[in-house]
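Just below is one structure, and these are the notes that go with it.
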Amino acid sequence: MREWISSPRRRRAMLGVGMLIAVLVALTAAVVALGTDLSRRTLIVFLLNAMLVLGLQVFIGDTGIVSFGHVAFMGMGAYLTALLTIPPRVKALQVPDLVALLAHAHLGLIPAVVVSALVTALVAAVLGGGLIRMQEGAMAMATLALLVIAYALFQNWESVTRGTLGLFGIPADTTAWVALAGAAVFVVVARVYKESRAGLRVRAAREDPLAAKALGTNVVRVRYGAWILSASMMGAAGSLWALSVLAFDPNQFFFAATFSLLAMLVVGGKTSVTGAVLGAAVVTFLQDTLSRVEQGVRIGSIELPRLTGTVDFVIALLIIVSLIWRPEGVMGRREIEDLLRRFRRSVPQKGGDQHVALGRVEAPANDGAVLSAEAIDKRFQGLIALSGVSLTVATGEILGLIGPNGSGKTTLLNVVSGILPPDGGRVRLGGRDVTSLPPHQVATLGLARTFQNIRLFSHLTVRENVSAVIDDDDPAVVTRVLGWLQLDDVADEEAANLPYGAQRRLEIARAVALRPRVLLLDEPAAGMNENESDGLVRTIRQIRDELGCGLVVIDHDLRLIMQLCDRIQVLDQGRTIAIGSPKEVADDPAVIEAYIGRNEAEVTGPP
């Protein structure tokens with residue numbers, strides 16, 4: 001645990017957890033001591049809603065994928081808890097055909113909650129194996145289908161659920177203090193997961209799945225973990241919910257509950273744990289107040305009529321107002337500890353010596369080529385993007401890859417890094433054939449890259465961008481890398497707020513943090529002036545010297561390429577037309593023709 005909280009980011013998170021739980025404890029103590037029975041009941045409803053919304057937040061907030069089906073897991077937990085806790089004599093009257101294991105079960109609160117969470121996690125693991133591989137939009141629709149199927153099951157499986165009649169006789173074990181304990185546990189779990197390596201990587205995949213894959217994240221796996229954890233939390237929350245309502249039926253696990261919980265998440269802020277709790281408080285208070293209005297209210301001598309549908313109308317209006325006024329919710333992406341930091345700037349952590357070595361790569365035990373691509377073909381329908389292109393990079397070598405627009409340079413990098421499968425040829429990294437491997441596996445074997453169009457995890461901080469790609473999430477390594485790339489002063493800024501040059505440096509820093517065997521840089525000098533370009537030359541050479549890795553650099557800045565590279569390979573119309581030293585390439589007639597045209601080349605000669 002001490003190692004886990006060694007990161008300043010995690011220490012701040014634990015401070016926020018303590019503050020949020022302290023607020024919940026103070027609220028609970030005040031209501032229990034001073035409130036009425038009605039207010040105590042409202043408090044329990046709020047704490048249970050907070051648990052349910054936190055269960056949603058772990059998946060929807062951290063992955064960015066909307067799920068309409070999580071209420072099904074709440075229902076599973078509720079039904080299972082009811083069947084485990086209702087006295088056997090009462091169960092025999094309601095569901096006489098129940099299987100013996102459940103018919104004779106009579107568990108207490110904690111065992112029932114644990115069993116419900118575990119069983120729900122198991123069901124989610126089975127269902128999620130297929131769902132989690134879908135595209136984001138398709139998965140959202142599949143979760144809606146899951147909700148409808150679960151509702152139909154609750155309605156029609158009469159031998160277990162008692163159908164539309166519902167179950168009753170559930171012990172009232174969820175007191176205010178029990179609900180508080182559950183909410184506190186959920187706050188801890190949600191924040192610990194969010195700040196864990198898995199949570200950081202799933203949030204990185206939320207921001208840019210392709211960049212996350214290219215930097216070693218198995219996006220399907222981290223989303224699958226979030227799905228199972230979230231479902232188990234919903235099952236546990238549904239268990240405590242069942243132990244507070246005494247009786248329920250299938251209608252309480254359908255669209256109304258889904259709409260209400262999503263409203264809480266949207267209003268508070270779906271990416272914030274604090275926002276989830278705040279949204280639960282706001283919507284619960286509105287629901288409690290407006291439900292009384294629906295029954296008719298007397299103001300003095302005037303009695304207002306019953307206004308059916310007031311709750312749904314106001315909550316729908318609240319969602320619309322929130323999406324217009326605060327699209328990211330009241331808290332946005334902030335947590336409770338961030339409110340304190342608005343009043344004081346944190347002291348940046350300096351990186352110290354920018355020449356601290358991060359560890360040199362091992363040279364391959366073959367002919368010295370750490371990366372080789374042999375006879376690569378790539379077609380997009382009728383367009384030939386690459387035709388028989390080969391490429392080799394030795395350890396410590398900087399290879400320049402140039403050519404006119406559309407010549408196939410970026411396509412070649414996409415094939416080499418596993419983002420695109422080749423139609424012919426093969427790719428070797430450190431002597432191993434990686435042709436058919438997905439990009440996250442290629443990255444873990446030692447290949448990192450940047451992109452032609454900057455692909456950062458925009459709403460993560462600079463420090464989190466680098467931390468997300470490091471297996472051990474070592475704060476010292478992150479600090480050294482940020483200092484090396486002159487980013488330590490902006491370590492706690494969101495990546496989206498950085499100027500263009502700093503964003504380019506951050507993308508390189510993120511790739512360097514992997515300590516790769518080969519680093520692919522796709523137009524790193526795009527948009528830079530001459531001084532910035534010269535600084536980039538020094539940085540790339542430093543990367544080569546410190547890591548001992550091979551580099552492939554694509555850029556249209558021929559001045560930078562000629563200064564920087566040991567060899568240059570020229571592509572034109574998907575084929576290699578020249579390869580050699582900078583001087584040999586500059587004097588090659590085919591290169592001159594490719595860049596300035598045949599007629600112009602005959603007049604001007606070599607540039």
(message) Please determine whether the number of non-hydrogen atoms from other residues, nucleotides or ligands lying under 6.0 Å from atom CD of Gln441 exceeds 12.
(response) yes
Q.
Within the structure provided, determine whether Asn218 and Tyr224 are in side-chain contact (heavy-atom separation under 4.5 Å).
A. no
Flag if over 12 foreign heavy atoms under 6.0 Å of NZ, Lys270: no
Review point. Would a distance-only check, ignoring hydrogens and angles, find a side-chain to backbone donor-acceptor pair under 3.5 Å from Gln569 to Leu399?
Key: no
- Message: Do Glu493 and Leu498 make a side-chain contact, defined as non-hydrogen atoms from C-beta onward lying under 4.5 Å apart?
- Response: yes
key: Side-chain heavy-atom pair Trp227, Thr143 within 4.5 angstrom cut-off   = yes
Value for CG (Leu413) from CG (Leu520), rounded to nearest 0.5 Å, stands at 4.5 Å
Inset, instruction - Begin from the C-alpha positions of Asp492 and Arg12 and carry the test side chain to side chain contact (heavy atoms under 4.5 Å, CB included) through to its verdict. - result: CA-CA 12 Å; Asp492 294 319; Arg12 289 195 297 268; 3.6 Å; yes
Residues Tyr193 and Val222: closest non-hydrogen pair is OH-O, 3.8 Å
Would you confirm whether Asp588, through its side chain, and Ala578, through its main-chain N or O, come within 3.5 Å as a donor-acceptor pair? no
Smallest heavy-atom separation, Arg449 atom then Ser417 atom, equals NH1-OG, 3.3 Å
*Does the distance from a Lys or Arg side-chain N to an Asp or Glu carboxylate O, for Arg505 and Glu532, drop under 4.0 Å?*
no
CZ (Arg11) and CD (Glu195) are apart, to the nearest 0.5 Å, by 12.5 Å
Do the non-hydrogen side-chain atoms of Leu200 and Leu460 ever get within less than 4.5 Å of each other?
-> yes
For the pair Glu374 (side chain) and Arg426 (backbone), establish whether a donor and an acceptor sit closer than 3.5 Å, ignoring hydrogens and angles. no
Note, Asp555 side chain near Leu564 side chain (heavy atom, < 4.5 Å):
no
Exercise for the section: Please confirm whether the backbone N or O of Glu530 pairs with a side-chain atom of Ser533, one donor and one acceptor, at under 3.5 Å? Expected result: no
| query | Would Met562 and Ile568 count as a side chain to side chain contact (heavy atoms under 4.5 Å, CB included) if you check the C-alpha gap in whole Å, the side-chain angles of each, and the deciding distance to 0.1 Å? | reply | CA-CA 8 Å; Met562 294 296 175; Ile568 298 175; 3.7 Å; yes
More than 12 non-hydrogen atoms from neighbouring residues, nucleotides or ligands closer than 6.0 Å to CG on Leu210, yes or no? yes
Original post:
Would Lys583 and Asp587 pass as an ion pair if we require N to O under 4.0 Å?
Top reply: yes
Hits for salt bridge (Lys or Arg N to Asp or Glu O under 4.0 Å) against Lys194, two or more places apart or cross-chain, chain-then-number order -> Glu335
Between Thr576 and Leu571, is the side chain to side chain contact (heavy atoms under 4.5 Å, CB included) condition met? List the steps. CA-CA 5 Å; Thr576 299; Leu571 300 185; 3.4 Å; yes
One should read off an interatomic distance between Cys549 SG and Leu514 CG, to the nearest 0.5 angstrom, of 11.0 Å
- For the residue pair Trp484 and Glu546, confirm or rule out a side-chain donor-acceptor distance under 3.5 Å. no
For Asp534, the side-chain hydrogen bond (donor to acceptor under 3.5 Å, both in side chains) test, sequence neighbours excluded, returns Arg559
ask   = Taking it one step at a time, do Val490 and Leu506 satisfy side chain to side chain contact (heavy atoms under 4.5 Å, CB included)?
value = CA-CA 10 Å; Val490 292; Leu506 175 56; over 6 Å; no
Paired with Val518, the side-chain contact (heavy atoms from CB on, under 4.5 Å) test is passed by just one of Val370, Thr395, Val416, namely Val370
Could you check whether atom CZ of Arg567 has more than 12 heavy atoms from other residues, nucleotides or ligands sitting under 6.0 Å from it? yes
Ser230 side chain to Val58 backbone, donor-acceptor under 3.5 Å: no
What one should report as the nearest heavy-atom pair of Ala205 and Ala212 is CA-CB, 3.9 Å
Review point. Between Arg206 (side chain) and Gly61 (backbone), is there a donor-acceptor pair under 3.5 Å?
Key: yes
*Measure from the side-chain N and O atoms of Ser390 to the backbone N and O of Ala375, and report whether any donor-acceptor pair falls under 3.5 Å.*
yes
Between Asp208 and the options Arg455, Lys213, Arg203, the salt bridge (charged side-chain N to carboxylate O under 4.0 Å, His left out) test singles out Arg455
query: Has the side chain of Thr435 got a donor or acceptor atom that lies under 3.5 Å from a matching backbone atom of Val427?
result: yes
| message | Within the structure provided, determine whether Asp338 and Thr274 are in side-chain contact (heavy-atom separation under 4.5 Å). | response | no
Whether Arg201 side chain and Ala468 backbone form a donor-acceptor pair below 3.5 Å:
yes
Heavy-atom side-chain contact between Thr450 and Arg510 under 4.5 Å: no
Interatomic distance, CZ@Phe186 vs CE@Met233, rounded to 0.5 Å, equals 5.0 Å
For this session: Report yes or no: does Gln452 contribute a side-chain atom to a donor-acceptor pair with the main-chain N or O of Glu523 at less than 3.5 Å?
Result: no
Shortest non-hydrogen pair, Val389 vs Gly574, comes out as CG2-O, 3.1 Å
Side-chain heavy atoms of Ser372 within contact of Thr392, under 4.5 Å
yes
Note: Ala511 and Leu519 closest approach over all heavy atoms is CB-CD1, 3.5 Å
For Leu456 and Ala495, the nearest pair of non-hydrogen atoms, with its separation, is CD1-CB, 4.1 Å
field: More than 12 heavy atoms from other groups under 6.0 Å of CZ on Arg432
entry: no
Tell me, with the steps shown, if Glu337 and Arg191 meet salt bridge (charged side-chain N to carboxylate O under 4.0 Å, His left out).
CA-CA 12 Å; Glu337 70 272 14; Arg191 281 308 301 271; 3.0 Å; yes
CG of Leu551 to CZ of Arg541, rounded to nearest 0.5 Å, is 12.0 Å
Counting only heavy atoms not in Met134, do more than 12 fall under 6.0 Å of its CE? yes
Rounded to the nearest 0.5 angstrom, the CD-CZ distance for Glu507 and Phe457 is 9.5 Å
